[in-house]
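Notes for the one structure printed next.
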Amino acid sequence: MGKPEVKRDYTLGERLYLVEIVKGLGITWKHFMKNFRASLQKGPHTVPTCWQYPWDKREISPIFRGEHMLLLDEEGREKCVACGMCQRVCPAKCITIKRGKVKEGEEAKYAGKTYCASFEIDLLRCIFCGLCEEACNKGAIVLGQGYELADFSRQACVADKKRLIGNFLRAKEEGRLKPKRPPVPVAGAKDAKAAGPQKAKSAGGGQGKGLKRGV
Amino acid sequence: MEAWGVALIKVVFIWAWTLIIATLMTWVERRGSAMIQDRLGPNVCGPFGILQPLADGIKLFTKEDIVPEKAKKILFALGPIMFALPAFSAYAVIPFGDKIVIGGKEIILQVADVNIGFLYIMAIGAMSVYGIVVGGWGSNNKFSILGGLRSTAQLISYEVPFGLALLSVVIIYGTFSLREIVLHQQGTFLGFLPNWGIFKQPLGFILFIVTAYCEANRVPFDLPEAESEIVAGYHTEYGSMRLGLYLFGEYVNMYTLSALMVTLYFGGWHIPYIDMSKFLGPVAYGIASFLVFFLKTCFFLWLFVWVRWTVPRFRYDQVMSLGWKSLIPLALLNLFITAFLVQLTI
Amino acid sequence: MDPYFIVFFIMALGAAIFMITAKDALPSALGLLTVFIALSALYLHLSAPLVAIFQVSIYAGAILVLIVFVIMLLTVPSERFQLFQRNMSYRIMGAVLGALMTALLAIGLKGVKDIIYKREIPEGFGHPHLFGDFLFRDYLLHFEVASVLLLVALIGAIYLSKKKA
Amino acid sequence: MMSGFETIVMYLGMSFVAVMGMLLISHLLGPFRPKPKKTTTYECGVPLLDPSEKRYSVKYFLVGVLFLVFDLETVLIYPLAIEYKALAQYGWAIFIEIFVFVAVLLLGLVYAVKKHAIDWD
Amino acid sequence: MGDFTMFNGLTGYILLASLLFGIGAIGFLTRRNTLILFMCVELMLNAVNLMLVAFSHFRADMAGQVMVLFIYAVAAAEVAVGLAILIALFRHVGSVDVTRFDALRW
Amino acid sequence: MADNKDNNSGVIKGPGWILTKLEWLINWGRKRSPWPFPYGTACCGIEMMATLASGYDMARFGAERVSFSPRQADILLEAGTITKKMVPVLRRIYDQMAEPKWVIAMGACACSGGVFRSYSTLQGIDKVIPVDVYIPGCPPRPEGLLYGLLKIIERIEKDHPLYKEAMKFKESEGGRICNF
Amino acid sequence: MQLLERIKGCLGGLIIDISEFHGDIAVEVDRFKIVEALTRLRDDESLSMNFLSDLFGLDNKAFYEKPKKKAKKGDAEGEEEEKPKELPPRFEVVYLLLSLKTNERMMVKIRVPEDDLEVSSVTSLYKAATWPEREAFDMFGIRFKGHPNLKRLLMWDDFPAYPLRKDYPLEGRGEERSLVYGD
Amino acid sequence: MAQDYVKINIGPSHPAMHGTLRVIAETDGETIINAEPEIGYLHRGVEKLAESMTYHQFIPVTDRLNYCSAIPNNVAYEMAVEKLMGIEVPEKAQLIRVIMMELSRISDHIVCVGILGVDIGALTPFFYLFIQRETIYEMFEWYNGSRLTNTFGRIGGVEAPLFPGFEQKWIEFKPELMKAIDEMDKLLTHNRIWMDRTIGTTAFSAEDALNWGFTGPCLRACGVKRDLRRDEPYCMYDKFEFDIPVGKYGDVFDRYWVRMIEMYESIKIIDQAIEMYKALPDDAPLMAKVPKILKASEGEIYSAIESPNGELGFYLRGDGSDKPYRLKIRPPCYMVYQAFGELVNGEMVADLIACLSSLNVIAGELDR
Ligand code: SF4
Ligand code: SF4
Ligand code: SF4
């Protein structure tokens with residue numbers, strides 16, 4: 001197993017270490033000056049390519065797959081009917097649902113005939129893949145933008161129904177609800193055309209705003 | 001008695017000063033490297049994060065002190081001390097300014113102006129090998145030992161060109177006293193150039209700076225602690241303040257070497273074409289010379305940082321062959337040329 | 001009594017004794033290092049700063065480094081042979097001889113006072129300039145011979161360690 | 001008069017005291033919670049494959065020898081170098097002296113390089 | 001011990017030198033680790049150096065100091081060659097125990 | 001397992017102003033200089049790198065000097081899957097870390113095994129080492145990690161470094177409380 | 001000429017079964033002749049399958065049991081007594097070959113019965129098979145004769161089971177690696 | 001001979017070992033006499049897991065294989081399932097796949113080259129590249145909501161069209177990316193230290209490489225011009241124009257250099273793909289018609305794509321149910337890494353690290 005002989009010619013400039021090193025120093029100096037100037041102009045704590053997390057939060061994509069939320073419809077009724085689709089499709093098996101029958105007089109609270117008596121997502125298990133959102137044909141579960149999930153104990157990282165609905169209410173208040181994704185046009189399907197025109201504002205929405213850096 | 005007092009003040013002052021500079025250097029290095037890398041660096045700790053070294057220090061002070069069971073206890077304990085001591089002591093003979101006159105008494109801004117200052121630096125430099133070797137060997141960890149071996153080989157190899165480069169300086173100035181060397185660099189030479197060592201010894205300076213980087217274990221010669229190869233090198237097993245001494249000693253070394261560069265090659269406290277002592281009062285002149293010297297030193301400190309974050313690292317055998325096959329012949333050549341020119345111009 | 005001398009006297013002596021009694025080679029080398037440093041301090045006292053510095057930079061910084069290097073390469077701490085010679089006669093012989101030498105030398109001291117007279121030490125004695133001058137004037141040839149000696153040593157060492165075992 | 005050397009010794013003593021003080025403070029302030037395995041040798045998280053008390057390659061040795069000789073020669077020139085300017089007035093003797101010295105040094109280096117004493121393999 | 005009253009004088013130095021020399025000699029003859037033997041030799045050389053410097057000081061004669069310089073050269077040469085021999089031996093014997101180096105030829 | 005973690009819950013009787021200040025100082029130092037041991041084993045490790053890199057720059061919190069030697073690290077930043085084959089390694093590294101030490105479990109795998117409910121994956125590192133902060137996500141955004149770091153800092157602030165020692169001392173030395 | 005024909009021409013009598021599915025050709029050969037078959041395929045001018053893309057094992061246990069259930073549900077077959085002996089060998093080893101010359105791929109497979117889990121190694125032909133064979137040993141327990149270093153690859157050395165076999169539960173049988181290993 | 005070889009254990013938790021690899025190297029001083037890689041520290045049982053998951057559920061798991069570039073893994077898996085079931089993917093979906101795959105190829109190469117730099121001691125270029133990678137992440141995130149583990153695509157197509165600002169974003173991003181790569185190039189490629197470290201280290205001949213099953217950049221570095229995108233075109237790659245860079249000696253430098261050039265080529269491909277994408281009507285289909293519950297017939301297929309690391313193949317066998325009967329992943333770096341001992345023997349310890357980083361071994365797909 002002979003290793004091939006390697007012969008490469010070095011140019012004179014390469015041979016002398018210093019030339020390239022000085023060039024390299026030039027590049028790093030440029031970067032340094034750029035950042036230094038920026039910090040002179042915009043205050044000492046800024047560099048154009050750095051988001052300072054707790055104070056200067058970066059705008060994240062509206063469809064970011066963060067902490068889940070359970071949606072309420074316009075009349076404030078819970079959308080989830082505890083059909084278990086999300087549970088079944090979840091690859092991490094982190095959703096636990098208890099189904100309850102809607103009793104007389106409670107219709108104002110729930111949209112369907114059944115509801116989830118408890119709905120727990122083990123966030124520590126969840127891999128935020130979004131399959132549950134896709135599977136739910138009621139549109140009841142949606143992945144929100146929450147990402148500050150760290151906590152001290154395992155129990156604190158299990159999101160129960162209250163927290164999930166709370167997430168939704170907060171997101172609604174702050175106007176951070178996810179834009180509705182139009183159905184994807186399917187080949188050969190008749191309704192592909194119908195789905196077409198409204199496609200203009202598709203997923204993602206924003207014109208790449210939030211892609212700017214720094215302050 | 002008075003002399004003792006002055007000496008004591010100078011000793012304490014320069015010791016504290018070295019300490020402060022080294023501390024600040026860690027901050028400068030971290031912020032500077034961050035800026036170079038489009039980052040921010042520590043900035044939550046005090047204004048501009050300047051208290052970061054302090055926090056690190058406190059953290060290290062209150063960290064548990066582990067002595068590995070396989071370690072050779074005495075050597076393990078001696079390692080950091082033997083590393084830090086030479087590092088801290090080396091500055092004793094380097095001037096940090098010209099002189100200051102207070103109350104009619106002239107005080108030279110140097111801890112000890114000895115007639116062998118030059119060799120003192122070399123001897124102390126040779127001693128710093130022990131700290132690494134003893135620490136690495138004492139840890140009894142393969143990475144440490146490898147780091148220790150590497151660094152020994154590397155440090156001693158570069159001591160030769162280091163010494164030879166300095167030899168040329170000695171030939172030119174004919175003294176071992178660093179203060180006298182600075183005094184020699186006043187004025188101009190050939191009519192227009194400042195009478196600085198760099199212009200008399202351009203090749204020597206390059207050799208010196210390269211070897212200085214090696215002696216300080218800085219990139220591109222940071223093999224003894226090459227993070228990606230041998231974890232943390234010779235100080236893999238060290239934590240708490242012992243580690244602190246190692247890290248600290250490195251910065252002190254950098255400071256000493258930078259000051260040495262200024263002293264030997266960049267005219268110490270002199271500003272070219274301007275004689276500060278002519279128009280400044282004795283006190284002001286002292287302070288000014290101190291500041292000039294310090295600013296020049298800062299540049300070289302910065303250079304250390306700057307180069308560190310620009311170039312990759314050598315491999316062991318490349319360090320060796322660079323040292324022995326390029327630097328030493330070059331240093332000999334330089335010595336020869338210097339001797340020749342001095343002989344001609346005498 | 002000169003405290004400076006006493007301190008380093010004790011330091012050198014203690015370190016030397018530690019050196020020959022230490023179990024492992026590396027602590028022993030550190031003992032030797034201490035001896036060197038103490039001696040170098042004494043040289044300073046003897047108005048030989050250059051020698052003092054050379055003591056540190058050559059003995060401590062080069063010769064001992066090489067020895068330490070070899071210690072790191074060769075010694076295996078798990079290899080625990082006896083500290084001292086097994087042969088009793090060696091030991092006794094060593095001790096006796098050593099003591100004898102010391103005694104002899106010390107006895108020689110008795111006459112010292114008569115031979116040596118302390119001259120007035122001239123100004124600048126031991127200054128590097130003087131040293132260089134002296135070296136150049138009187139010992140030029142020795143100097144060259146030393147360099148050749150070193151060259152030969154170098155060649156010998158390389159030859160020996162490159163030789164296929 | 002205070003000689004420079006005594007100041008240096010003072011400086012050394014001060015460094016020593018400070019370094020020891022640092023270690024002492026750290027020793028006092030640091031917690032101490034011995035636990036099994038805490039003091040085992042770190043080897044990337046696995047137990048020792050084989051003891052680290054082994055002989056390392058002798059190849060490092062030659063560098064040491066080379067260094068010893070070269071360092072010594074360098075140091076030997078120092079006393080001459082300091083007087084170089086003064087001695088140069090007597091003619092070229094000193095130059096030749098240094099030249100010969102350097103040549104001998106170079107000879108050794110050439111021999112070492114020829115013998116691959118510096119190359120790793 | 002009337003002669004030692006001037007302890008800081010020449011006699012003190014000679015005493016130290018002879019003691020060091022003796023210790024070195026004892027170590028050299030009794031220790032088994034070859035490396036320590038080397039160190040003992042160095043110690044003995046150092047004792048000689050000390051003597052030279054001391055005499056040079058008290059006689060105000062530079063020759064002693066210059067002599068020391070040459071001793072350095074000799075010591076270095078000795079160590080370089082000696083250690084090289086040691087390593088060559090070591091390759092055969094596999095130990096630095098001096099009692100193992102008993103074959104005159106290998 | 002979590003022996004040294006949660007025993008500071010008891011009410012602390014003020015041991016004096018100096019001690020309090022000293023504790024504050026020590027805590028300040030510790031929280032401002034949390035050197036991580038980046039134990040990135042899988043995808044989360046990549047995101048951890050992104051956190052260390054320019055955009056998010058964990059160095060701002062002083063966590064710049066990533067130490068790959070457990071002796072020098074304060075926080076074990078476990079990012080990624082721990083398989084059963086890896087368990088002893090993790091445990092050993094945790095053991096070798098010097099006190100005080102904290103552990104962040106980053107990502108679903110480290111916290112609970114995540115999607116890998118399989119024969120070879122450890123279902124959460126808290127089975128072998130005590131965890132201080134869990135960060136859900138797969139992988140968590142760098143912001144999520146930084147938030148976790150802030151949580152650790154929060155935890156450090158509440159620590160009583162000296163008092164705990166005093167307690168230990170008391171236990172072992174028969175009621176002698178050392179006064180600082 | 002079509003790949004199928006060329007393969008048939010090349011291997012000839014070595015072929016036990018050959019099938020094509022969505023363009024992928026799978027050839028089954030005698031398990032004792034695998035080295036010969038691969039050598040022929042490699043050295044054949046028109047094929048020159050000189051690149052071993054992958055090699056892995058496969059457990060057919062569940063697969064063979066399935067038709068039985070179907071048969072019960074369905075109506076066609078009446079034989080209820082299916083003897084286990086009549087099942088084809090339980091394990092398969094699949095070799096994925098690629099010709100760098102013609103950019104064609106094919107699969108070669110051999111069947112290994114449960115009671116004689118030994119096949120000859122192809123590491124002498126393709127170095128690339130070194131780890132895949134170890135993995136197949138690790139995961140299925142198939143032993144490769146002539147392999148230079150056949151030991152577990154992915155699981156630790158004293159892992160008691162072969163995890164990819166169909167009768168091994170996904171979440172394992174609770175094997176834990178001891179925390180105190182090695183010292 | 002009395003001198004022993006020292007066994008150095010490098011990894012698993014070693015700075016250069018990506019957390020999970022382990023090499024046991026016997027060394028003679030600095031020279032490696034014998035190096036043996038040990039893997040399995042990230043064996044998560046993915047193949048077993050696949051057997052208990054539906055075809056659809058498994059997509060998120062494929063993200064976690066090669067986590068430096070999840071998208072090619074997703075696509076490779078989806079293509080395998082599509083091949084098994086005979087599904088034709090619409091053109092527009094293919095174009096989106098191409099764009100995303102090339103973006104993630106760039107991001108993968110960025111990680112590889114950046115880490116190579118870090119391991120050789122040059123930290124700064126890593127940061128320059130990583131900040132560009134952040135933008136790529138951003139594009140992914142705005143496309144489907146995740147930065148790293150994208151769960152991109154669905155069986156039969158993709159889940160969404162490109163977001164409206166995509167092209168604009170790309171146009172803005174492209175010069176910055178090129179600048180960053182240029183800077184890396186200027187900082188390293190001609191730097192003598194870098195050249196000394198990389199040229200000639202762990203060179204490998206083409207025959208050996210083929211015998212060991214090398215693919216991708218590592219193979220191309222050895223001088224074999226093989227790229228599945230050209231040789232077995234999929235996803236309309238035959239419609240794009242791009243070069244395939246090849247090296248000569250297969251040393252670290254060549255691998256580095258091939259990756260650097262490939263980044264430029266990927267940029268070219270993305271440019272072309274965006275043009276083609278724009279030419280398609282807005283409502284062109286993105287998904288093939290697939291049944292709600294995917295069930296494969298009995299049969300076995302193998303389908304491979306050129307992932308950033310090389311040939312990434314999925315062998316699938318269906319048994320008529322909605323779960324794969326057997327899924328075998330052919331990860332590219334698995335084959336490369338098994339030759340690691342061969343590669344580094346006789347080199348120096350520092351080269352081991354450089355070599356490892358230049359191979360871009362991703363433990364996730366290595367151990368599965
Ligand atoms: S969230 Fe949707 S899928 Fe899940 S149970 Fe509720 S309605 Fe069903
Ligand atoms: S995001 Fe994925 S893992 Fe999380 S709950 Fe939904 S389906 Fe399960
Ligand atoms: S939590 Fe997710 S991203 Fe993190 S290591 Fe596990 S699978 Fe990878």
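Below, chain A is the first sequence line, B the second, and so on; all start at residue 1. Source: prediction; values computed, not measured.
With no hydrogens or angles considered, no side-chain donor-acceptor pair links C:Q55 and E:N49 at under 3.5 Å.
Highest contact tally toward chain E, considering only C:I155, C:L149, C:V145, is held by C:L149 [criterion: heavy-atom pairs under 4.5 Å]. Heavy-atom pairs under 4.5 Å with chain E were tallied for C:L150, C:I58, C:L154, C:L39; the largest tally goes to C:L39. Comparing E:V53, E:V68, E:V74, E:N46 by heavy-atom pairs within less than 4.5 Å of chain C, the highest count is held by E:N46. For the set C:G31, C:G156, C:S28, the count of heavy-atom pairs under 4.5 angstrom toward chain E peaks at C:S28. With chain C as partner, the option from E:L45, E:V66, E:V79 having the largest number of non-hydrogen pairs under 4.5 angstrom is E:V66.
Scanning both residues, E:Y72 and C:V51, for their nearest heavy atoms gives OH-O, 3.6 Å. Between E:L16 and C:F9, the shortest heavy-atom contact is CB-CE1, 3.5 Å. Annotation for E:A80 and C:A157: closest pair O-CB, 3.8 Å, computed over non-hydrogen atoms.
Interface residue E:V81: backbone and side-chain heavy atoms are both found under 4.5 Å from chain C. With a 4.5 angstrom heavy-atom cutoff, E:L83 touches chain C only via side-chain atoms. E:A75 touches chain C through backbone and side chain together, each having a heavy atom under 4.5 Å away. Contacts between C:V35 and chain E at a heavy-atom distance below 4.5 Å involve the side chain alone, from C-beta outward. No part of E:M44 comes within reach of chain C, as not one of its non-hydrogen atoms sits under 4.5 angstrom from that chain.
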>> Pair E:L43, C:F36 - check side chain to side chain contact (heavy atoms under 4.5 Å, CB included), show working.
In response: CA-CA 9 Å; E:L43 190 62; C:F36 290 160; 5.6 Å; no

>> The test is side chain to side chain contact (heavy atoms under 4.5 Å, CB included); show your working for E:I23 and C:L13 and say whether it passes.
In response: CA-CA 9 Å; E:I23 291 172; C:L13 217 57; 4.2 Å; yes

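From E:L20, atom CG reaches atom CD1 of C:I17 across 9.0 Å, with rounding to the nearest 0.5 Å.
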Donor-acceptor pairs under 3.5 angstrom involving side-chain atoms of residues 59-68 of chain C: please list them, not counting sequence neighbours.
{"unit_1": "C:Y59", "atom_1": "OH", "unit_2": "E:E42", "atom_2": "OE1", "d": "3.1"}

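In this structure the side chain of E:L50 reaches within 4.5 angstrom of the side chain of C:Y43, judged on heavy atoms.
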